[in-house]
Chemist: 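Encoded as structure tokens, here's the structure I'll be asking about.
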Amino acid sequence: MVREIITYPQQPSLEFGVNVRKFDEELFSLLDDLKDTIKENNLDGLAAFQIGNYFNVVVVKDENGDFIELVNPRIIRHSDKTVEEESTAYFPGLSAQVARYNDISVVYQDRKGNDKSLQAKGKLARVIQRKVDYTFGGNFLTKLSAEEKKRFEEKLGGKSDIAVGGVCPTTFVRDKFMLGANILTALMIVNFIVSFFVSDTLKETLWNVQLYSSFGVVGLNIAYFFYGLYEGHIYKQCTSCQVGNFIGSVAISLVKLTVIMLLSYYFM
Amino acid sequence: MARLVVLGGGVAGHTAATFAAKWLGSQHEVVVVTPNSKWNWIPSNIWVGVGQMTREDVTFELAPVYKKGGITYKQAKAVSIHPEGGENHEKSFVTIEYTGQNKAGETEEVEFDYLINATGPKLNFGATPGLGEGSQIGEHTVSVCTADHAVHASQELKKVFEKAKAGEKQKILIGTGHGMCTCQGAAFEYIFNIEHEARKAGVRDNIELKWISNEPFLGDFGMGGLHMKVGGYVVSSRLFAESLYAERDVEWIIGAHVNKVEAGKVHYELLDGSMGEEEFDFAMLIPPFAGVGLKAYDKDGNDITDTVFAPNGFMKVDADYTPKPYEEWKASDWPRTYQNPTYKNLFAAGIAFAPPHIISKPAKSPNGTVINPTPPRTGMPSGIIGKAVAHSVCDLITKGENAHLHEASMAEMGAACVASAGKGILDGQAAAMTVYPVVPDFDKYPGTGRDTDYTFGEIGLAGHWIKHILHHLFIYKAKLNPGWTMIPE
């Protein structure tokens, strides 16, 4: 069965690199689907990950156009690194200068689970390397030089945060909560300074403002933290969504608040 | 009064003994038998190996610490276990041979009610011709497995740096010295610390760095790899490692079984059956691990080593040792209580227990040579297992032999690991990784067998700071300083 090939900017699964442990009908069906999809799209090869399957399976066409089924492939030897123009089905119509080896040795299993090895050179070697990268959740972006990556990103429309694994936004909704907390904290500093130049009655009012503002800062931090956790579930691929970052940001904000409130308590 | 004897004073043994002594108090006796006079925080040995720490920074004298903890300390190596007692003993006993305390060479039979075997591994240099003899390292390579080895490695590395400084091209080879090694993480740390120091010393251009290991892919680490977050995106540890090696200009050979070491040259076989050679000026190759060679005897003196220990010399515990193909491996194969199935007063912890099988995908070359990493048991799982076993033994002693045993399956526990890639307060780097569970549970987590929400890693300066803090924290804990019980394993 011909399957849909995942293309940019569609987000592939975060599950990948899963070794095939059972050589059964599920595997045979996957291998057949990969071949059908390669034929239909006139490709050099496909990794299971490219059609949304997490198994460590690759099918490529050799120099004669015959299919080679690679189950659990590992590239264990390589030599003769060169940079060549390369394209991949994930970024249709685009290409980049990619550094790869021209001579590799691959160990793998066939559909019956027999251990095999293959020496590949030239174009076949490059295709296998590209497809094996997919089985480990990557694409050729991980192989580009910094300059080439920049050029490629420009081709994609100047977006700077693309990768397999999805898109990481440059701004998050949770940041608005933290921005609110920071603005409120800044106003509290102003309030504190102003309190030195006003009457005692007004000072009392300013203290109340300070108190309620502090509740606001705490509330915004709580909102930031929990909204951050929610966004962390949506953007699992983004390191800025790790809970450690939220804890750090909240801790910094609350330390600032504590200092201001202690000063306000003793001097206002 | 009951007596618990702990064999070994590494992470697992030290944790087990110190907690047991605290929980049992002075009503019962805890005895530690270890051939070493000093405790060694092994993860920092790589920094000793590049001259960034001294032997004294990573070790301390055990005797005063055990005195403080109320633990009887015997600086000796265990020779044989007699779980049924013997001619002169009604109770179980262990035969030990002193290595210090002015009694070197003397033997003693120490009776016990319970025994925790936490001897750690024998560094089996002798498994690879030329790598060494038995547990003794040979003359061609260096090691960072012990503090003394690391000091020697540092001295040899310094010579290489001096030659490089004089304009001589030098080749450094780091990795595993056999097809069935574990501890790739330590070698990984060492090669990148050397790379970091070479850059600092301004000799990087004259040094070629090469990695050789039995991993089927870079970043396997003996755990079948893991998911990393790099530059904001989730990738496999393979892509992370390949990027790091390429970025630091380190070439690699993987799927390799080093089968012979000569002066300046290793011979190896690859997973595809091909053979190769690699020359070097300096090589640090991790040896394979084996059991320390303890024997076991029944009451009549018959050898029952095969009953108590697996063929690799590690102690049999409550694991499922039935040989199974890869597709049938289950989380439930892994031990939970670490109690010997035959002799219920024997336990094992840390590297000393026999795992049911490896964690990575098994592999062998067409010539039949097994080339796959064996299971890592890093400090965190070893400490957790040591504490759980100590808890079980304490309950058996205080509540009776039907007490519930505490469990710490590696298929249900997570582990955190911080792998240094260069030491420096402002320019250091380390990869911080968490894995849950350590042993994949393919039934609970279809696919990789791991929970991807809790299996990730990231590299950066903060990781280095964490590694440095952990160094001081765990040494503080091991010295039983105030609040030591509150520091997690």
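Here the structure is a predicted model, which means the values were calculated and not measured.
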Chemist: May I ask you to name which of Thr135(A), Asn56(A), Val106(A), Asp133(A) has the most heavy-atom pairs under 4.5 Å with chain B?
Modeler: Asp133(A)

Chemist: For Phe67(A), is the CZ atom crowded, meaning more than 12 foreign heavy atoms sit under 6.0 Å from it?
Modeler: yes

Chemist: Within the 4.5 Å heavy-atom criterion, are Phe23(A) and Glu327(B) side-chain neighbours or not?
Modeler: no

Chemist: Within this structure, what is the CG-CD1 distance for the pair Leu271(B) and Ile76(A), rounded to the nearest 0.5 Å?
Modeler: 5.0 Å

Chemist: Could you tell me which non-hydrogen atom of Phe136(A) sits nearest to which non-hydrogen atom of Arg238(B), and how far apart they are?
Modeler: CD1-NH1, 3.4 Å

Chemist: Atom CE of residue position Met180(B) - does it have more than 12 heavy atoms of other residues, nucleotides or ligands inside 6.0 Å?
Modeler: no

Chemist: With only heavy atoms counted, which part of Glu247(B) is less than 4.5 Å from chain A, the side chain, the backbone, both or neither?
Modeler: neither

Chemist: What distance separates Ile254(B) CD1 from His78(A) NE2, expressed to the nearest 0.5 Å?
Modeler: 7.5 Å

Chemist: Name the region of Tyr54(A), side chain, backbone, both or neither, that has any atom closer than 4.5 Å to a heavy atom of chain B.
Modeler: side chain

Chemist: Check whether Lys116(A) gets within reach of chain B through its side chain, its backbone, both or neither, counting any heavy atom under 4.5 Å.
Modeler: neither

Chemist: For Lys364(B), does the NZ atom have more than 12 heavy-atom neighbours from other residues, nucleotides or ligands under 6.0 Å away?
Modeler: no

Chemist: For Ser243(B), is it the side chain, the backbone, both or neither that has a heavy atom under 4.5 Å from a heavy atom of chain A?
Modeler: side chain

Chemist: How far does CD of Glu251(B) sit from NZ of Lys81(A), to the nearest 0.5 angstrom?
Modeler: 7.0 Å

Chemist: Considering only heavy atoms, which portion of Pro446(B) lies under 4.5 Å from any heavy atom of chain A: side chain, backbone, both, or neither?
Modeler: both

Chemist: Most heavy-atom pairs under 4.5 angstrom with chain B, which of Leu118(A), Asp115(A), Asn19(A)?
Modeler: Asn19(A)

Chemist: Inspect the surroundings of NZ in Lys171(B) and state if more than 12 heavy atoms from other residues, nucleotides or ligands are less than 6.0 Å away.
Modeler: yes

Chemist: Search all heavy atoms of Gln119(A) against all heavy atoms of Asp272(B) and return the closest pair with its distance.
Modeler: NE2-OD2, 3.9 Å

Chemist: Could you give the distance from CG (Asn72(A)) to OH (Tyr326(B)), rounded to the nearest 0.5 Å?
Modeler: 7.0 Å

Chemist: Can you confirm whether more than 12 heavy atoms, excluding those of Lys22(A), are under 6.0 Å from its NZ atom?
Modeler: no

Chemist: Side chain from CB out, backbone as N, CA, C, O: work out which of these in Val20(A) comes under 4.5 Å of a heavy atom of chain B, or both, or neither.
Modeler: backbone

Chemist: About how many Å separate CG of Leu218(B) and CD1 of Ile75(A), when rounded to the nearest 0.5 Å?
Modeler: 11.0 Å

Chemist: Between Pro216(B) and Arg74(A), what is the shortest heavy-atom contact and its length?
Modeler: O-CB, 3.5 Å

